[in-house]
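Heads up: the structure comes next, in structure tokens.
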Amino acid sequence: MDLSRRNFLQMGAAGALAAGAMGLAGCASQPQKSESGKAEGSTSEDWLGEAPATKPEDCKETVDCEVVVVGAALAGSMAAYGAVKNGAKVTVLERNASAHIGGMTISFLNSQAQLDAGIPKHDKVHVANQMFTTTQYRSDMKLNAVWCNRSGKIFDDMVKDFLEPYNQYYKILSLEGIFPDPTQEINSYISTGVAFSEDTDILTDFTHNIHTFLEDQGVEFSYNTRAEKLVQDDKGAVVGVIATKDGESVYYKASKGVVMCTGSFGANEAMMKHFFPEQFATWALENNAYNAYMGDDPVTEVMDDGLGHKMMCWAGGEMEGVCGYLSWQNTAWRSFPYLLVDTKGQRFMNECTSLLTSGHFIADLPGHGNYIWQIIPTNDFEMPSSFGYNKEEAAKVFNIETNEHYEADTIEELAEKINVPAENLVATIKRYNELCEAGEDTDYMKAKRYLDPIDDAPYQAWKMIYPFYCTLSGVRCDENLQVLDDNFDPIPGLYAAGNTVGYRFGSNYETLLHGGSNGLAATHGFVAGESAAKA
């Protein structure tokens, strides 16, 4: 296997599926539900609760550190990298027996490695403006600028320090030329992604390799260690973390700072119902698949219970008021925009809407379930992907024949097999065929190149399941990734990265950056660790 920077993947119309689900998370066949994480008797109004009463003097042991990183996944690993590269002694606390990172793709901008591979140099001002608009004008442009200005150099350093010496697989991805007319597409994409797995969309190998690299640099990892409380001095500066390890309280004293990289709060019922509309929160909790994308490494604790967010708020941090989320389809011919119908047999959306941004449509449908039906005729029409995938490779990666699907010679028979009202499905397909034949979707404005009438039997119905993956929101931070209080003043000694950082997205994930959430996590993590080390 060629592991060099020349290992370059051109993702055109026949592009491979190395990007996974936009480089964010894996594709399991069925969602697995996480435990609630809800405190006994808690409600959405009292989601925060009170910090534990434990004090440093109550702890069995004190461990002297310079920078303590809480969470060993992507943001935490990159925070440790940023800190150790700047001379700090680093300890990483991880509540599980190993770290877990979903998604095979991480987004970087204008690295020399990408430019050498033929990726065009992107104008940073234009990219930053696009990031702002695709997040519904809600993202913090300072945080966008950090990624625009720093991510490329960080990736080049990774190539030199870690990727090449440790034989870490990576491929630079291109989305150039996939769409013949971008003005006809709902989603915007630019070539920023780098894939770190050849045949899976979980970053297990990357995680193991970067941890080995970090350990070789002197970083100490403490697994099965559950951080529970930030310790502050009499001036409010964060000076350490109290954690539970082997049933005992341990005080990790941090002379330079603490970096919180603790991920989502998607399994915390009180927080979900506080920060999201109740109907969507209920749907998300029932369909939480966070732990389904963690590979074979053991998961001993719920990873998305929001404890890290609460720890920062107890220390004076302020949560983002309107929170974002990520969900996607994980079965059927996802990213191929065939006709979609709900459980009533009716069309309800433009099928080109990104699988990463359409979970709220599913949550709002009658019955508030987690699946819809993809209706496909048997014909020679080559349905293009709305993300440039090659269908033969998609079938292999999606393991398509294991997905629940049905076939029938008539629409009425198909409706019976998928348990939708036959009269509705017949009427829906009649209307859809009229639009296809006219060459214009006046109902939902789907681009003409995706319009394929359902007029060739046998007809197929593929069950498309939507799990909820994670929240994308957290506390307010400055450009150094230092956590701010309600007066927008930095809290000394406290930093954050990854899904604990707020104001990176709008109401839900955006599609502009290829592996965008991981990209922000990696860059912000590095900068947070660097900032703590230099404090």
Inset, instruction - Please test Phe275 against Trp47 for ring-ring contact (aromatic ring centres under 6.0 Å, His included), starting from the C-alpha separation and ending with a verdict. - result: CA-CA 10 Å; Phe275 290 104; Trp47 66 270; 5.1 Å; yes
Going by an N to O cut-off under 4.0 Å, is there a salt bridge joining [X] and [Y]?
X: Glu479; Y: Lys142; answer: no
X: Lys160; Y: Glu164; answer: no
X: Glu66; Y: Lys256; answer: no
X: Glu320; Y: Arg138; answer: yes
X: Arg150; Y: Asp157; answer: no
X: Lys60; Y: Asp246; answer: no

Are any of the side-chain heavy atoms of [X] and [Y] separated by less than 4.5 Å?
X: Tyr466; Y: Asn287; answer: no
X: His524; Y: Val527; answer: no
X: Asn370; Y: Glu286; answer: no
X: Trp147; Y: Thr192; answer: yes
X: Asn96; Y: Tyr223; answer: no
X: Asn508; Y: Leu326; answer: no
X: Asn224; Y: Glu301; answer: no

Legend entry - With sequence neighbours excluded, residues passing side-chain hydrogen bond (donor to acceptor under 3.5 Å, both in side chains) with Glu94: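 Glu94: no side-chain hydrogen bond (donor to acceptor under 3.5 Å, both in side chains) contacts found.
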Legend entry - All side-chain hydrogen bond (donor to acceptor under 3.5 Å, both in side chains) counterparts of Ser335, not counting sequence neighbours: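 For Ser335, no residue satisfies side-chain hydrogen bond (donor to acceptor under 3.5 Å, both in side chains) once neighbours in sequence are set aside.
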Inset, instruction - Indicate, with yes or no, if the rings of Tyr169 and Phe196 have centres closer together than 6.0 Å. - result: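 Ring centres of Phe196 and Tyr169 not closer than 6.0 Å.
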Inset, instruction - Measure centre to centre between the rings of Tyr189 and His514, then say whether the value is under 6.0 Å. - result: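 Judged by ring-centre distance (under 6.0 Å), Tyr189 and His514 do not meet the cut-off.
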Inset, instruction - Using the six-membered ring wherever Trp is involved, compare the ring planes of Phe265 and Phe276 and label them parallel, tilted or perpendicular (cut-offs 30° and 60°). - result: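 Tilted: the ring planes of Phe265 and Phe276 meet at 30° to 60°.
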Inset, instruction - Please work out which of the three classes, parallel, tilted or perpendicular, describes the rings of Phe280 and Trp283, given edges at 30° and 60°. - result: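 If you compare the ring of Trp283 with that of Phe280, the planes turn out tilted.
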Inset, instruction - Please indicate whether Lys85 has more than 12 foreign heavy atoms, meaning atoms of other residues, nucleotides or ligands, lying under 6.0 Å from its NZ. - result: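 Result for NZ/Lys85: enclosed.
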Inset, instruction - In sequence, state the C-alpha distance, the side-chain angles, and the governing distance for Leu93 and Tyr252, and then conclude on side chain to side chain contact (heavy atoms under 4.5 Å, CB included). - result: CA-CA 9 Å; Leu93 311 183; Tyr252 292 87; 3.7 Å; yes
Give me the atom names and distance for the closest heavy-atom approach of [X] to [Y].
X: Leu472; Y: Ser517; answer: CD2-OG, 3.8 Å
X: Pro490; Y: Asp478; answer: CB-OD2, 4.2 Å
X: Tyr325; Y: Gly359; answer: OH-N, 3.7 Å
X: Val259; Y: Val67; answer: CG2-CG1, 4.2 Å
X: Val475; Y: Ala496; answer: CG2-CB, 4.5 Å

Legend entry - Residue among Phe213, Tyr170, Phe162 satisfying ring-ring contact (aromatic ring centres under 6.0 Å, His included) with Phe206: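 Testing each of Phe213, Tyr170, Phe162 against Phe206, the sole residue satisfying ring-ring contact (aromatic ring centres under 6.0 Å, His included) is Phe162.
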Legend entry - side chain to side chain donor-acceptor pair (under 3.5 Å) assessment of Gln112 paired with Asp156: CA-CA 7 Å; Gln112 191 59 51; Asp156 286 332; over 6 Å; no
List the atom pairs, donor and acceptor, that lie under 3.5 Å between side-chain atoms in residues 120-129 and the rest of the protein, sequence neighbours left out.
unit_1	atom_1	unit_2	atom_2	d
His122	NE2	Ser191	O	3.2
Asp123	OD2	Val125	N	3.2
Asp123	OD2	His126	N	2.9
Lys124	NZ	Asn149	OD1	3.0
His126	NE2	Gln130	OE1	3.3
Asn129	ND2	Val125	O	3.3

Legend entry - Flag, side chain of Asn86 to backbone of Gly82, donor-acceptor distance under 3.5 Å: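 Checking the backbone N and O of Gly82 against the side chain of Asn86, a donor-acceptor pair under 3.5 Å is found.
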